[in-house]
Amino acid sequence: MKTRKKIGVALGSGGIRGFALIGVLKALKENNIPVDFISGASSGSLVAAHYAVFGDPELLKAALIGGTKGKKPSVRDLGFRGGFIKGDKFTDLLKYLFDKKTFLDTKIPLRIMVTDLISGSANIFSEGKLSFAVQASCTVPVLFEPIKVKGHCFVDGGLSDPVPVDVLKKMGADFTIAVNLYHKNEFINRRFTVVKVAMRSSRIAMFNLAQASIKSADVVIAPDMSPFTGDNDFKKIFNSRDDRSNDFNRI
């Protein structure tokens with residue numbers, strides 16, 4: 001009897017672009033494509049962790065944008081410009097989303113990528129509290145104070161591996177799907193200010209690093225989020241048409 005291939009999905013970093021990951025998971029589910037292993041970096045770690053526990057992208061969408069002030073935290077309360085700005089509110093959001101859940105509570109084996117600011121090396125979280133792992137992976141330098149623990153200084157996982165594909169193979173995945181949120185269309189605008197030069201430089205670095213991360217993936221899904229990278233209107237993201245890959249039939 002022929003057994004099916006075990007499928008691993010790597011959810012990439014990308015700040016506000018991370019909302020597209022919910023649409024990708026929804027598309028996989030609608031196409032009856034199982035997720036046997038999942039990994040994430042930065043904003044991808046939040047989506048990966050939530051899906052690993054609950055397995056419902058619509059539930060995460062509702063949790064992130066459906067909050068009512070005074071009742072539960074939501075993304076609307078965070079202040080968002082290419083990343084999460086207010087660390088305390090982000091901590092509250094993670095506590096709301098994951099409570100005291102750990103990696104042992106996941107239904108899908110999960111790995112979260114973080115970067116050690118001291119050594120510059122990649123670290124892979126596979127145990128402990130999910131809220132801590134996600135916060136460490138989403139800790140954008142300068143915007144957030146690094147997470148210091150046991151001689152380590154953890155920051156954004158995207159700095160070391162923005163689309164963690166290789167870890168999925170080590171977990172046992174036979175077929176890997178990489179979701180890369182850094183798109184070439186972000187580089188169309190040719191008008192620069194000093195601030196825009198700095199932002200463009202950072203995006204170029206992340207774009208090229210992501211290209212290296214996805215080389216070993218069997219399928220790459222690359223939704224074009226360039227119209228939204230400088231926009232704080234979250235509704236536009238969810239009202240846009242889901243990006244579905246024509247490569248699904250290869251699985």
Do any side-chain atoms of residues 140-151 form donor-acceptor pairs under 3.5 angstrom with protein atoms, and if so which ones, sequence neighbours left out?
none

Are [X] and [Y] in one and the same hydrophobic cluster, where Ile, Leu, Val, Met, Phe, Trp and Tyr link if side-chain heavy atoms are under 4.5 Å apart?
X: Ile124; Y: Phe103; value: no
X: Val179; Y: Leu46; value: yes
X: Ile221; Y: Leu168; value: no
X: Met171; Y: Ile38; value: no
X: Met113; Y: Tyr182; value: no

Calculate, to the nearest 0.5 Å, the distance between atoms [atom1] and [atom2] belonging to [X] and [Y] respectively.
X: Lys26; Y: Asp56; atom1: NZ; atom2: CG; result: 10.5 Å
X: Arg111; Y: Lys170; atom1: CZ; atom2: NZ; result: 11.0 Å
X: Leu94; Y: Ser131; atom1: CG; atom2: OG; result: 6.5 Å

>> Determine whether Leu64 and Leu97 satisfy the following criterion, side chain to side chain contact (heavy atoms under 4.5 Å, CB included), listing intermediate values before the conclusion.
In response: CA-CA 9 Å; Leu64 288 179; Leu97 290 175; 4.3 Å; yes

Taking all non-hydrogen atoms of both residues into account, name the closest pair between [X] and [Y] and its distance.
X: Val114; Y: Ser160; answer: O-OG, 3.6 Å
X: Ala49; Y: Leu110; answer: CA-CD2, 3.8 Å
X: Pro57; Y: Ile22; answer: O-CG2, 3.4 Å
X: Ala10; Y: Pro164; answer: CB-O, 3.4 Å
X: Ser43; Y: Gly14; answer: OG-N, 3.4 Å
X: Asp161; Y: Ser213; answer: OD1-OG, 2.7 Å

Just so I know, are the side chains of [X] and [Y] near enough to count as touching, which here means a heavy-atom distance under 4.5 Å?
X: Val134; Y: His50; result: no
X: Val53; Y: Lys107; result: no
X: Phe37; Y: Lys6; result: yes
X: Ile177; Y: Leu28; result: yes
X: Gln211; Y: Asn180; result: yes
X: Asp36; Y: Asp174; result: no
X: Ile108; Y: Tyr51; result: yes
X: Leu181; Y: Leu11; result: no

> Mind checking what makes ring-ring contact (aromatic ring centres under 6.0 Å, His included) contact with Phe154, not counting sequence neighbours?
Replying inline: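 ring-ring contact (aromatic ring centres under 6.0 Å, His included) list for Phe154, sorted by chain: Phe125, His152.
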
>> Tell me if a side-chain donor or acceptor on Asp99 pairs with a main-chain N or O of Lys101 at a distance below 3.5 Å.
In response: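 Checking the backbone N and O of Lys101 against the side chain of Asp99, no donor-acceptor pair under 3.5 Å is found.
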
> Has the side chain of Thr176 got a donor or acceptor atom that lies under 3.5 Å from a matching backbone atom of Asp218?
Replying inline: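 Yes.
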
>> For Lys169, is the NZ atom crowded, meaning more than 12 foreign heavy atoms sit under 6.0 Å from it?
In response: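 Yes - once you tally the heavy atoms of other residues, nucleotides and ligands closer than 6.0 Å, there are more than 12.
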
> How far apart are the C-alpha atoms of Arg4 and Phe175, what are their side-chain angles, what is the distance that settles it, and do they pass the side chain to side chain contact (heavy atoms under 4.5 Å, CB included) test?
Replying inline: CA-CA 10 Å; Arg4 71 168 180 82; Phe175 192 96; over 6 Å; no

> Do Ser42 and Asp156 meet the criterion of a side-chain donor-acceptor pair at a distance under 3.5 Å?
Replying inline: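 Side-chain D/A pair, Ser42 to Asp156: present.
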
